[in-house]
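First comes the structure, then the notes that go with it.
Quick caveat: nothing in here was measured; it's all calculated off a predicted structure. Convention: sequence-line order gives letters A, B, ...; per-chain numbering from 1.
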Amino acid sequence: MAKELTSRSENYSQWYNDLVVKADLAENSAVRGSMVIKPYGYAIWEKMQRILDDKFKETGHENAYFPLFIPKSFFSKEADHVEGFAKECAVVTHYRLKNDEKGGVVVDPEAKLEEELIVRPTSETIIWDTYRKWVQSYRDLPLLINQWANVVRWEMRTRLFLRTSEFLWQEGHTAHASRKEAVEEAETILKLYADFAENYMGMPVLQGVKSASERFAGAIETYCIEAMMQDGKALQAGTSHFLGQNFAKAFDVKYLTKENKLEYVWATSWGVSTRLIGALIMAHSDDNGLVLPPKLAPIQVVIVPIYRKDEQLEAITEKADEITKALRAKGISVKYDKRDTHKPGFKFAEWEMKGVPVRLAIGPRDLENGTVEVARRDTLEKDTLRMENLDEKIENLLEKIQDNIFQKALSFRESHTYKVDSWDEFKEKIEAGGFVWAHWDGTAKTEQKIKEETKATIRLIPTDGEKESGKCVYSGNPSERRVAFAKSY
RNA sequence: CGGGGUAUGGCGCAGUCCGGUUAGCGCACCUGCUUUGGGAGCAGGGGGUCGUAGGUUCGAAUCCUACUACCCCGACCA
């Protein structure tokens with residue numbers, strides 16, 4: 001393991017890149033723009049998956065799996081949808097290779113597909129083509145399906161977790177009998193995502209809807225959660241779309257009502273991806289490495305023995321095993337790091353880099369005194385605690401850490417959130433980084449101009465916030481509410 | 001796709017301008033001894049057809065030509 005991490009103040013984006021690699025989360029693969037998620041990084045994803053999956057099930061959803069390949073013709077059925085994704089689709093044109101003279105392989109020109117296949121950038125089209133067959137009557141509704149899958153979007157510029165050509169995600173696709181029910185579904189999921197972000201990731205989020213130009217291709221309304229990273233840039237952490245009847249009409253999905261009338265169904269789709277891992281990293285970590293919230297840390301407590309002689313190690317191991325057992329009984333994940341190939345100092349640094357929330361160090365002195373050294377990753381504070389009821393103390397500490405991480409992120413966001421009314425101040429605050437609440441005249445033209453001049457986009461329009469009449473910060477035209485602007489990932 | 005850059009052990013680099021011993025350094029790796037409460041020290045050791053293909057030359061990592069890959073900056077995006 002390399003020693004130094006680039007500091008955040010020196011080069012934030014380099015810090016992020018270094019951290020992902022040094023914390024052993026992921027690395028670039030042989031395929032441009034596609035990453036290898038390493039075991040430690042994947043373990044975080046697995047924790048996210050388990051928590052989210054439980055929540056989806058609790059809210060009545062079921063998992064299914066739809067194909068990776070989508071017939072090209074499906075894409076042309078929903079006009080906005082094609083336009084949104086066409087530019088970044090990988091296309092399968094052939095189904096066979098053959099040997100060439102040089103001992104390599106070439107695509108067999110004889111094996112051209114009749115209809116080319118798209119590697120899914122998202123699955124609305126194949127799913128709605130399928131739903132047509134599943135839905136006949138109001139009795140078949142609602143249809144509440146989720147799938148865990150990989151998708152491919154051929155990105156120009158990629159970054160580990162934040163934007164890769166292939167990524168993992170979950171995509172929910174639901175069908176409903178009424179507009180109201182579909183809107184409620186989209187809102188329910190948004191709240192579910194917000195709860196996950198705040199109470200598990202320890203990352204405060206704003207909730208609202210996207211402007212027309214930031215909306216999902218094919219949606220009537222896109223709900224989103226937006227988080228702030230430590231460089232003051234916003235990161236979209238999850239989206240939930242009310243699709244209206246767009247896909248039902250494009251794929252002819254109709255049902256008979258109780259009154260025996262034929263109606264198109266109403267739809268939603270929603271997703272979060274491995275991008276959340278990027279968000280998690282940038283929301284909390286520091287110049288010593290990753291800082292993980294206890295609820296998502298693959299290892300919550302690491303125990304490091306400090307010893308000179310083998311007899312000492314044996315005695316420490318006995319104590320460590322005891323502690324491990326007690327903590328596991330409380331559902332806490334523990335790693336006892338008794339590698340004799342590395343010194344304690346090395347281990348301290350390594351587990352800090354990997355963001356383990358709590359580290360226990362036990363040495364001969366502790367054995368004598370009946371104590372253990374407890375270090376918390378979020379504050380880097382060390383304390384010596386009595387062995388008695390250690391399991392309860394650690395359990396409480398983990399809760400405290402979870403809470404502290406959230407509070408820290410929240411106060412960071414609050415200190416980087418501004419209300420501005422003048423264009424000069426707008427530019428200044430955007431440049432410095434943060435959320436800027438400003439009046440907007442509601443036109444795509446103004447939005448575009450602001451983006452061109454400051455690189456800031458409308459991150460969201462609040463749905464519950466009170467209205468307040470004012471003048472657009474750019475055009476001076478009347479506005480009825482403030483919206484959140486920021487530069488974003 | 002535009003503009004800039006890079007390609008040399010696993011990783012990071014020097015050497016290239018001005019061709020000439022056995023291609024060197026740091027980290028990592030292996031062995032041994034000493035170490036172990038914040039990234040250990042010493043000694044020894046292994047590992048490279050210098051991106052690919054041509055060319056110039058007595059001789060090429062170094063000069064020439066072509067190609068390829070990757071990185072950074074822009075347009076696009078969860």
Would you say the base of rG37(B) and the side-chain of Arg308(A) have a donor-acceptor pair closer than 3.5 Å?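 Per atom types, no contact qualifies.
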Assess whether one donor atom and one acceptor atom, taken from the side chain of Lys382(A) and the base of rG38(B), lie less than 3.5 Å apart.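 Between rG38(B) and Lys382(A), which were checked side chain against base, a qualifying N/O pair under 3.5 Å is present.
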Assigned partner base of [N], Watson-Crick or wobble definition, under 3.5 Å:
{"N": "rG51(B)", "value": "rC67(B)"}
{"N": "rC33(B)", "value": "rG41(B)"}
{"N": "rG2(B)", "value": "rC73(B)"}
{"N": "rU22(B)", "value": "none"}
{"N": "rC17(B)", "value": "none"}

Report the nucleotide, chosen from [options], that has the shortest atom-to-atom distance to any side-chain atom of [X].
{"X": "Phe348(A)", "options": "rA40(B), rA75(B), rG38(B)", "value": "rG38(B)"}
{"X": "Glu352(A)", "options": "rG38(B), rA78(B), rA75(B)", "value": "rG38(B)"}
{"X": "Glu350(A)", "options": "rG39(B), rG74(B), rG38(B)", "value": "rG39(B)"}
{"X": "Ser273(A)", "options": "rG37(B), rA78(B), rA75(B)", "value": "rA78(B)"}
{"X": "Pro344(A)", "options": "rG37(B), rG38(B), rG74(B)", "value": "rG37(B)"}
{"X": "Ala349(A)", "options": "rG37(B), rA78(B), rG39(B)", "value": "rG39(B)"}
{"X": "Met353(A)", "options": "rA75(B), rU36(B), rG39(B)", "value": "rG39(B)"}
{"X": "Phe346(A)", "options": "rU36(B), rG38(B), rG39(B)", "value": "rG39(B)"}

Examine Arg359(A) relative to Phe348(A) and say whether NZ or CZ is less than 6.0 Å from the centre of the six-membered ring and inside a 45° cone about the ring axis.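 Judged by the rule (NZ or CZ under 6.0 Å from the ring centre, within 45° of its axis), Arg359(A) counts as positioned above Phe348(A).
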Cation-pi between Lys354(A) and Tyr40(A): NZ/CZ under 6.0 Å from ring centre and within 45° of the ring axis?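 Yes, a cation-pi geometry.
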Do the ring centers of Phe485(A) and Phe426(A) come within less than 6.0 Å of each other?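 Ring centres of Phe426(A) and Phe485(A) closer than 6.0 Å.
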Taking the side chain as every heavy atom from C-beta outward, state whether Leu52(A) and Leu192(A) have any pair of such atoms under 4.5 Å apart.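 Yes, at least one pair of side-chain atoms sits under 4.5 Å.
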Contact between Arg376(A) and Lys400(A) at the side-chain level, heavy atoms closer than 4.5 Å - yes or no?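 They are in side-chain contact.
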Phosphate OP1/OP2 of rC71(B): any Arg32(A) side-chain N/O under 4.0 Å: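 For rC71(B), OP1 or OP2 has a side-chain N or O of Arg32(A) closer than 4.0 Å.
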Is Lys347(A) near enough to rU36(B) that one of its side-chain N or O atoms lies under 4.0 angstrom from OP1 or OP2?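 False: Lys347(A) side-chain N/O out of range (4.0 Å or more) of rU36(B) OP1/OP2.
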Quickly work out the [X] [atom1] to [N] [atom2] distance and round it to whole Å.
{"X": "Asp310(A)", "N": "rU35(B)", "atom1": "CG", "atom2": "C1'", "value": "13 Å"}
{"X": "Leu235(A)", "N": "rA78(B)", "atom1": "CG", "atom2": "C1'", "value": "8 Å"}
{"X": "Tyr489(A)", "N": "rC76(B)", "atom1": "OH", "atom2": "P", "value": "18 Å"}

Describe the nucleic acid contact of Arg365(A) in one word from base, sugar-phosphate, nothing, applying a heavy-atom distance below 4.0 Å.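 If one applies the 4.0 Å heavy-atom cut-off, Arg365(A) turns out to touch a base.
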How is Thr164(A) classified with respect to the nucleic acid when contacts are heavy atoms under 4.0 Å: base, sugar-phosphate, or nothing?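 Base, at least one base atom sits under 4.0 Å.
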Let me confirm one number: the OG1-CZ distance from Thr125(A) to Arg120(A), rounded to the nearest 0.5 Å.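 Thr125(A) atom OG1 to Arg120(A) atom CZ measures 11.0 Å (nearest 0.5 Å).
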